[in-house]
Asker: 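Encoded as structure tokens, here's the structure I'll be asking about.
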Amino acid sequence: MSMLLWGLAAAAACTRWSVVSAGLAWAGAAHQVWLLAAAYPEQPELLVRRWWMVVLMLSAAFALSVRGRVRGGSVLGGVRTGVLAVALTVLTVLPAVEVLLAETSRHADGGYEIASWGGYQVKSFLGEQPVHGALSAALEAACVLALLGCLIGLAPAVRRRLPVLGMPALLVLVTVPSVFEGFLMSTVRFDPPVLLAAGEWAYLVLLPLLTLLVGVVLLERAERHAHLVGLGLAAEREALLRRTGAAS
């Protein structure tokens, strides 16, 4: 459901429906938070492992909520917008396709086992899926490469903003496995499981928040510097034109 909402949000972002895009983005983020909150009393490790997804969704929802005069289609261009739409559509429908293609085998004791199509079961780097086989692994990698390709060649001002939005989630993804290694190993051994302490909650909340704030400050400085450099270059060109006109 979250992927479906985010696919619709991305499609709406490429049109004039900016309010619809922001609403769908917030709905996708809220749905993910609700799922993790519902599972937290019994599976707190799930929230820790997927916290980077929550941070990324909230960052993107904030970005889509900011009003601007340029549409996503104008920034990306027609070809990139089409590639983006196809890639997001494939990522959205892949889990449902894998479930439809899954092979179910029943045991003599009444139990059953679900395997992905072709018998290959691999782990998804985009999050846990009920069934995830070689088909999804190949298409996910292709879609991620296509999405990265869409980002190459964008205007410098757009490229400077992307790391600011993605860095909080990336930092959480990289640091949480080592910082919460003891928690992740111990909580599954107890019944009921050990829940997060106040200091651990503070780390999960403050790390992405402070990273985002620092990124915004650095981005503002970079934008100001780029603006001043542009003014200097424009003044030099104007002075050169004046000297060339006077000489002629």
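In what follows, residues are counted from 1 in the order of the sequence shown.
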Asker: How long is the span from the CG atom in L207 to the OG1 atom in T175, to the nearest 0.5 Å?
Answerer: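 Rounded to the nearest 0.5 Å, the CG-OG1 separation comes out at 5.0 Å.
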Asker: For E220, what residues pass the side-chain hydrogen bond (donor to acceptor under 3.5 Å, both in side chains) criterion, not counting sequence neighbours?
Answerer: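 Only R224 meet the side-chain hydrogen bond (donor to acceptor under 3.5 Å, both in side chains) criterion with E220.
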Asker: Minimum heavy-atom separation for W51 and L204, please, with both atom names.
Answerer: NE1-O, 2.8 Å
Asker: Is it possible for you to say whether Y203 and L210 belong to one hydrophobic cluster, with membership spreading through side-chain heavy-atom contacts below 4.5 Å?
Answerer: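 Not linked; separate clusters.
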Asker: With E42, which residues qualify under side-chain hydrogen bond (donor to acceptor under 3.5 Å, both in side chains), at least two apart?
Answerer: none
Asker: When rounded to the nearest 0.5 angstrom, what distance separates CE in M57 from CZ in R50?
Answerer: 9.5 Å
Asker: Using a 4.5 Å cut-off on heavy atoms from C-beta on, say whether the side chain of L240 contacts that of E236.
Answerer: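 No. Closest side-chain heavy atoms not under 4.5 Å.
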Asker: Taking T187 for its side chain and L184 for its backbone only, find out whether a donor-acceptor pair lies under 3.5 Å.
Answerer: no
Asker: Do the side chains of E238 and R242 get close enough for a salt bridge, i.e. N-O under 4.0 angstrom?
Answerer: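 Result for this pair is yes, salt bridge flagged.
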Asker: Side-chain heavy atoms under 4.5 Å apart, restricted to Ile/Leu/Val/Met/Phe/Trp/Tyr: what other residues fall into the cluster of M167, or is it alone?
Answerer: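 M167 shares its hydrophobic cluster with L170, V174.
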Asker: What's the shortest heavy-atom distance between V55 and V172, and which atoms?
Answerer: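 Between these two residues, the closest heavy atoms are CG2-CG2, 4.3 Å.
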Asker: So do the side chains of W52 and V176 get within less than 4.5 Å of each other, counting heavy atoms only?
Answerer: no
Asker: Over 60° means perpendicular and under 30° means parallel, so tell me whether F180 and F183 are parallel, tilted or perpendicular.
Answerer: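 Ring orientation, 0 to 90° scale: perpendicular.
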Asker: Applying side-chain contact (heavy atoms from CB on, under 4.5 Å), name anything that partners A138, two or more places apart in sequence or on another chain.
Answerer: none
Asker: How would you list, by chain and number, every residue that makes a side-chain contact (heavy atoms from CB on, under 4.5 Å) with Y40, sequence neighbours excluded?
Answerer: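 Y40: side-chain contact (heavy atoms from CB on, under 4.5 Å) contacts with P44, L47, L195, L196, W201.
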Asker: To the nearest 0.5 angstrom, please state how far the CE atom of M53 sits from the CG atom of L36.
Answerer: 8.0 Å
Asker: To the nearest 0.5 Å, what is the distance between CG (L165) and CG (L219)?
Answerer: 9.0 Å
Asker: Starting from L56, can I reach L209 by hopping between I/L/V/M/F/W/Y residues whose side chains sit under 4.5 Å apart?
Answerer: no
Asker: Compute the ring centroids of F62 and W26, then answer whether they are less than 6.0 Å apart.
Answerer: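 Here the rings of W26 and F62 have centres that are less than 6.0 Å from each other.
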Asker: Can you list the residues that meet the side-chain contact (heavy atoms from CB on, under 4.5 Å) rule with L212, with sequence neighbours excluded?
Answerer: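 For L212, the residues satisfying side-chain contact (heavy atoms from CB on, under 4.5 Å) (neighbours in sequence not counted) are V164, P168, V216.
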Asker: Can you measure from OG1 (T211) to CG (L206) and round to the nearest 0.5 angstrom?
Answerer: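 Answer for the OG1-CG pair, T211 versus L206, is 10.0 Å.
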